[in-house]
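To start, the structure itself, in C-alpha cells.
For clarity, every value in this text was computed on a predicted model and none was experimentally measured. Convention: sequence-line order gives letters A, B, ...; per-chain numbering from 1. Computed over heavy atoms, backbone and side chain alike; hydrogens, waters and symmetry mates excluded.
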Amino acid sequence: MAEKTSDLATFFKKKGFLYPSSDIYGGLAGFYDYGHLGTMLKRNFENVWRKFFVESQDNYYEIETANIMHENVFKASGHLENFIDPIVKCSKCGFFERADHLVEKTTKIRAEGLSSEELTREIEKHHLKCPKCSSSFEKVSVMNMMFPVNIGVGNQHKAYLRPETAQSPYVNFKLQYELQRKKLPLGLAIVGRAYRNEISPRHVTLRMREFTQAELQIFVNPDLMNEHPEFDSLQDYELRTMLVEDRPQKMIVERTAAELVERGLPKYYVYHLIKIQQFYVDELRVPKHKFRLYELNEKEKAFYNKYHFDIEMELSEHGFTEIGGLHYRTDHDLKGHQEVSTQSMEIVDEETGKKFIPHVLEVSFGVDRNVYALLDLHYNDDQERGNIVLSLPAKITPFFCAVFPLVKNKPELAAKARGIYQELRKDWRFFYDEVASIGRRYARADEIGIRYGITVDFESLDDNAVTIRDRDTTKQQRVPVSELKQKLQELSHE
RNA sequence: ACGGUUGUGGUGAAGUGGUAUCAUGCAACCCUCCCAAGGUUGCGUCCCGGGUUCAAAUCCCGGCAGCCGUACCA
C-alpha cells in the first residue's frame, strides 16, 4: 500500500505553513508556497540567522542581487561544465547513465568534453547496449541542472537562474572590497533564491527546484587561515563530529576544537564549525543529540572544496539530514572569474606588499530545510492534552503571544483584552482571539506555536492584572497590566 | 527519470455505474468565570482533459500531483 502524505506535510497545509505551489492547477513538483504562518516563521529564522552570522561581525554585510545571471558567471564557476550532463537513455527499459561515463567505461576513450553528437557517434560505432536489458540507446541528450532563461527577443539564452547564491558575492567581490575600504576578512551574505532543475524533487521542502539559501561568503587571506583571534578561548569547546574515520562505527564523537586542529583543520575553519554549533544549540535550542557536523570524504565533496562538513539535523522521518554546510572553497571561484572576465581579482596586503587572490570560506544554509527541520523537531502530538503542541522558541515562532478575553459575551472583558492587544502588538507579534471556549483557544494557539497566552478574566476588571499561560507547561502566572511589557521583555529572551 | 501505488469539502474518511455521505474544521448566534463542553443555523468536496454509456466520483486512455523503491543529488 502506498503511504499517505506524512503527518507533517498535512499539518503544514492544514495550519498554513506550507502547501504545493500552483495547487489549483494540480501542483508543480518541486515548488512550494509558504502560507501566512510559514512565511512568518521563515522570516524569523532568517532574521535570527542574520543577527548571528552577519550583523554581529565587523565588515560583514548582506547584499541583494539578481537571480538571473550572465552565462559567463557559470562558465567561470564550473557550473556549465559540471551542471549540464550528457545523458544516454535506454530506448526500452528507461535506464539512463551519463553518456561520457558510459563511453569511457566501456571503450577506454577519453570522452570528457565530447559533444552530444560525438558521444552519440561513439556509442553507435562501438555498438554500446544498455547494461540492464541489452537494448539500444536513444540519442545522447543533455540534462541541464540549471534553468536557462531567454532574455529579450529571440530564443538564444545567454543567462541562467542561479543554482546557488554564492556566485553573486564572488562576481561583486572586487567592488565590495573597494566599498568596504579594503579590509579582510570581508563577509558578504545573501538570503535569496536559488534554482536547480532536480530530476526528482521529493520530501516536501527537503529537495525543491526553487529554494532559499542563506549564505555567507567570507573572503580571507589564505596565509591567515590557521589563526583566529577568538580561537584560543574556545579551544576546549566540544564539537559533535562525525569524521570520515568515524563512519565504520557510525559514531558521533565529541571532539574539542583543539583536537580538530591537531587533525589538520585550520583554526579559522574550526572556529566557524563552533559558530555553527552555537547557532543551533544555543541560539535555536536544538538538542545536542539531534545535531552533528558530518565530514565529507574525497569522493563526496564538491570539486572546489578543500574542507567540507555538512551540518545535519536528525529528522523524525528521514534521519540525519543535511541542512547546511561549511565549505572552504579556496580561490577556486575568484580565480575562475579572473580568467573568464579577464579582470584581476588580486588584492594587495598593505603590510607585506604581497599580492594574492583571497580564499573563500562559505557558511551555507538551506533556509527551507532549516524551517522544515525546526518544525519537525518542535512538532509534538501531546496525547495528554489532546492536541498538537508546536514548541518553537519564542524568537522564531510566528506569534509570540495571543490575547484572549475569558468569555466572549462580556463587552468589558473584550474591550480590555483588545486594548492590551493593540498596545502590545506594537512591539511583538501578537494574535487576538475571542471565538470559542478558552480551552479551545489555548489548543488552537498551541498548535501554531503561540508561545504565551494572555487571558483577561473577570478579576482583571478589579485588580487590573492578567494571566500569562506558558504554552509548554500550561502553567499560568498573574501579572499586573502595568508590568506586562517588562515581563514579556524578559520572556522574549528565553 | 523508470517501476509500483494512490488521488472524494480546509483536514480525515465512506461510497465501486443511477439523489454525493459522515466526522472534524470554519463562520454567525445562544450558553459558558481557564485548558478542544453543549445547542441552533450556515459554508464547503469527487485532481485535470478526453473516451465508453441513456447515465461516470465509480469503467477505459492520457496528463498532473502525492507516496514507496531504484536511479539522480557538481
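Side chain A/T467 to base B/C34: a donor-acceptor pair is found below 3.5 Å. At a cut-off of 3.5 angstrom, the base of B/C34 holds at least one donor-acceptor pair with the side chain of A/Y442. With hydrogens and angles ignored, no donor-acceptor pair closer than 3.5 Å exists between the side chain of A/D457 and the base of B/C33. Taking 3.5 Å as the limit, the base of B/C35 and the side chain of A/R469 contain a donor-acceptor pair of atoms between them. For A/E459 against B/C33, a side-chain-to-base donor-acceptor contact under 3.5 Å is absent.
The nearest whole Å value for the distance from the NE2 atom in A/H318 to the C1' atom in B/G69 is 15 Å. Protein atom OH of A/Y25 is 16 Å distant from nucleotide atom C1' of B/A65, rounded to whole Å. To the nearest angstrom, P of B/A36 lies 11 Å from CG of A/D382. Rounded to an integer number of Å, the gap from CG of A/L37 to C1' of B/G10 is 14 Å. Protein atom CD of A/E412 is 13 Å distant from nucleotide atom C1' of B/C33, rounded to whole Å. Rounding to whole angstrom units, CD of residue A/E434 and P of B/A36 are separated by 20 Å. One atom, OH of A/Y32, and another, C1' of B/G66, lie 8 Å apart when rounded to the nearest Å. To the nearest angstrom, P of B/C35 lies 16 Å from CG of A/D433.
Taking atom C1' on both nucleotides, B/U70 is separated from B/U21 by 40 Å, rounded to a whole Å. Taking the P atom of each, B/C46 and B/U58 are spaced 12 Å apart, rounded to whole Å. Taking atom C1' in both B/G51 and B/C72, one finds a spacing of 37 Å when rounded to whole Å. Here the separation of B/G12 from B/C26, taken at their C1' atoms, is 15 Å to the nearest Å.
For A/K408, the side-chain atoms get nearest to B/C29 when compared with the rest of B/A1, B/C29, B/A74. In this structure, of B/C34, B/C68, B/G10, it is B/G10 that holds the atom nearest to the side chain of A/K14. Side-chain proximity of A/S437 to B/C73, B/C68, B/A37: nearest is B/A37. Candidate nucleotides B/A36, B/C33, B/A1 were compared by shortest atom distance to the side chain of A/S200, and B/A1 ranks first. Candidate nucleotides B/G66, B/G69, B/A74 were compared by shortest atom distance to the side chain of A/R202, and B/G69 ranks first. For A/R440, taking side-chain heavy atoms from C-beta onward, the closest of the listed nucleotides B/C26, B/G66, B/C67 is B/C26. Counting only heavy atoms from C-beta on, A/R444 has its side chain closest to B/A27 among B/A27, B/A37, B/C35. Nearest to the side-chain atoms of A/T455 among the listed nucleotides B/C67, B/C34, B/G25 stands B/C34. Looking at the side chain of A/V435, the nearest of the listed nucleotides B/C34, B/A27, B/U11 is B/A27. In the set B/C68, B/G66, B/C72, B/C72 carries the atom at the smallest distance from any side-chain atom of A/I199.
Ring stacking holds between A/F458 and B/C33, with the centres under 5.5 Å apart and the planes within 30 degrees of each other.
Across all strands, A/R196 comes closer than 4.0 Å to base atoms (heavy-atom distances). Residue A/E447 is classed as a base contact, given a heavy-atom separation below 4.0 Å to a base. Base engagement by A/Y304 is indicated by at least one non-hydrogen atom pair under 4.0 Å involving a base atom. A/E164 comes within contact range of at least one nucleobase, with a heavy-atom separation under 4.0 Å.
In this structure, the ring of A/Y328 has its center less than 6.0 angstrom from the ring center of A/H359.
At B/C35, none of the side-chain N or O atoms of A/T474 fall inside 4.0 Å of OP1 or OP2 (strictly under the cut-off). Proximity of A/H203 to the phosphate of B/C68: a side-chain N or O atom is located under 4.0 Å from OP1 or OP2. Between A/N409 and B/C31, a side-chain N or O to OP1/OP2 separation shorter than 4.0 Å is present.
In this structure, A/A29 and A/E300 both approach RNA chain B, and ranking their closest nucleotides by distance from the 5' end singles out A/A29. Across the interface with RNA chain B, nearest-nucleotide mapping of A/A436 and A/R441 shows A/A436 to be the residue nearer the 5′ end.
Taking syn as a glycosidic angle within 90° of 0, B/U58 does not qualify and is anti.
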TODO: Test A/I63 against A/I190 for side chain to side chain contact (heavy atoms under 4.5 Å, CB included), laying out the working first.
DONE: CA-CA 6 Å; A/I63 55 174; A/I190 290 183; 3.8 Å; yes
- [ ] Please step through side chain to side chain contact (heavy atoms under 4.5 Å, CB included) for the pair A/H318 and A/Y372, ending with a clear verdict.
- [x] CA-CA 12 Å; A/H318 306 290; A/Y372 182 101; 3.7 Å; yes
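Taking the ring centre of A/F320 as origin, the terminal cationic atom of A/R292 falls inside the region bounded by 6.0 Å and 45° from the ring axis. Figure legend: A/R193 and A/F211 shown without cation-pi pairing, the cationic atom not lying both under 6.0 angstrom from the six-membered ring centre and within 45 degrees of its axis. By the 6.0 Å and 45° rule, A/R451 does not stack over the aromatic ring of A/F400. For the pair A/R469 and A/Y442, the cation sits on the ring face: its NZ or CZ lies under 6.0 Å from the ring centre, inside 45° of the axis.
Under a 4.0 Å N-O distance rule, the pair A/R444/A/E447 does not qualify as a salt bridge.
Nucleotide B/U52 forms no Watson-Crick or G-U wobble pair with any nucleotide shown, as no partner meets the under 3.5 Å limit on both distances.
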